[in-house]
Amino acid sequence: MDNLAGALAVFNQFAVVAVVITAVSLLLYTFTFNLKDRVAQALNVLLACVAATYLGDVGASVAAEATAMEAWLRFQWLGISMVPAAYLHLSDALLAKTGKPSRGRRRNIVWLAYLGGVTAIGLVIFSGRVVGNPVVDGRLQWLRPGVLFSPFALAFTFVTLLSIINVYRAFLRCLTRATSR
């Protein structure tokens with residue numbers, strides 16, 4: 001059983017590195033698009049958040065010292081905290097691109113989501129309210145949940161579901177197969 005856990009840990013490490021490489025590659029590729037386009041901007045922010053999240057995971061897994069590991073785990077939260085806001089931003093841009101521009105309400109919700117993400121980052125870095133002290137269990141490491149972790153998780157889930165609904169609404173507005181893809 002221990003060999004299986006070790007093999008899964010190595011596989012996980014390769015998968016995480018592959019995600020980092022893919023996210024950074026896509027981010028660099030999307031920089032060649034029209035950066036004034038809202039969809040391209042939102043996609044770049046989302047890819048940067050994903051890359052930061054998984055880069056923090058890779059850094060924490062190879063860190064030799066406990067302080068370096070904790071720093072990488074907290075760095076990872078830069079991406080984790082901002083992913084819902086970036087995804088909501090992308091979904092809003094897709095809706096606007098398909099002819100359903102925001103009359104201010106969706107855009108304000110996007111800004112509130114970004115504000116919530118920045119607040120979560122501040123709480124992660126400067127207090128133990130969202131996540132606390134690190135835990136190391138063999139090859140695994142994570143930060144203990146803090147007292148505000150559950151509200152953060154609920155907000156993360158709510159904003160992500162709202163984003164999924166917006167993407168689906170944008171998909172329904174697509175008139176041709178090419179735009180549906």
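This structure is a prediction, so every number in the text was calculated from the model and none was measured.
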Check whether [X] and [Y] end up in the same hydrophobic cluster, where Ile, Leu, Val, Met, Phe, Trp and Tyr are linked by side-chain heavy atoms less than 4.5 Å apart.
{"X": "Phe75", "Y": "Val118", "answer": "yes"}
{"X": "Val10", "Y": "Val16", "answer": "no"}
{"X": "Tyr168", "Y": "Ile109", "answer": "no"}
{"X": "Val147", "Y": "Trp77", "answer": "yes"}
{"X": "Leu46", "Y": "Leu115", "answer": "no"}

Any side-chain heavy atom of [X] sitting closer than 4.5 Å to one from [Y]?
{"X": "Leu112", "Y": "Asn108", "value": "no"}
{"X": "Met82", "Y": "Val45", "value": "no"}
{"X": "Leu94", "Y": "Asn166", "value": "no"}

Task: Criterion side-chain contact (heavy atoms from CB on, under 4.5 Å) on Leu95 and Ser102, from CA distance to verdict - done: CA-CA 8 Å; Leu95 267 174; Ser102 174; over 6 Å; no
TODO: Decide yes or no on side-chain contact (heavy atoms from CB on, under 4.5 Å) for Thr98 and Arg169, but give the supporting numbers first.
DONE: CA-CA 9 Å; Thr98 59; Arg169 288 174 56 205; over 6 Å; no
Specify the closest pair of heavy atoms between [X] and [Y], including all atoms of both residues, with the distance to one decimal.
{"X": "Val58", "Y": "Val17", "answer": "CG2-CG2, 3.8 Å"}
{"X": "Phe156", "Y": "Ile80", "answer": "CE1-O, 3.4 Å"}
{"X": "Leu55", "Y": "Val20", "answer": "N-CG2, 3.5 Å"}
{"X": "Gly99", "Y": "Arg173", "answer": "O-NH2, 3.1 Å"}
{"X": "Leu143", "Y": "Gly132", "answer": "CD2-O, 3.5 Å"}
{"X": "Gln76", "Y": "Asp57", "answer": "NE2-CB, 3.5 Å"}

Task: Under 3.5 Å donor-acceptor, Ser91 side chain and Val167 backbone - done: no
- [ ] Look only at the side chain of Asn44 and the backbone of Ala40, and say whether a donor-acceptor pair between them is shorter than 3.5 Å.
- [x] yes
TODO: Quick one: pull up CD1 in Ile121 and CG in Leu78 and give me the separation to the nearest 0.5 Å.
DONE: 5.0 Å
Task: From Thr22 atom OG1 to Tyr29 atom OH, the distance as rounded to the nearest 0.5 Å - done: 14.5 Å
- [ ] Return the set of residues passing side-chain hydrogen bond (donor to acceptor under 3.5 Å, both in side chains) with Tyr114 (not counting sequence neighbours), or none when no residue passes.
- [x] His89
TODO: Could I get the full list of side-chain hydrogen bond (donor to acceptor under 3.5 Å, both in side chains) partners for Glu70, not counting sequence neighbours?
DONE: Arg74
Task: Listed once per pair and sorted, the salt bridge (charged side-chain N to carboxylate O under 4.0 Å, His left out) pairs that draw on residues 103-116, sequence neighbours left out - done: Asp92-Arg106
TODO: Step through the shown structure and confirm whether more than 12 heavy atoms of other residues, nucleotides or ligands are within 6.0 Å of CZ on Arg144.
DONE: no
Open item on the list: Is it the case that atom CH2 in Trp111 sees more than 12 heavy atoms from other parts of the structure closer than 6.0 Å?
Closed with: no
Open item on the list: Working note: Gln13 + Val62, criterion side-chain contact (heavy atoms from CB on, under 4.5 Å); need CA distance, chi angles, decisive distance, verdict.
Closed with: CA-CA 10 Å; Gln13 191 73 7; Val62 297; 4.0 Å; yes
Task: Intermediate values then yes/no, side-chain contact (heavy atoms from CB on, under 4.5 Å), Val131 and Phe152 - done: CA-CA 10 Å; Val131 289; Phe152 172 81; over 6 Å; no
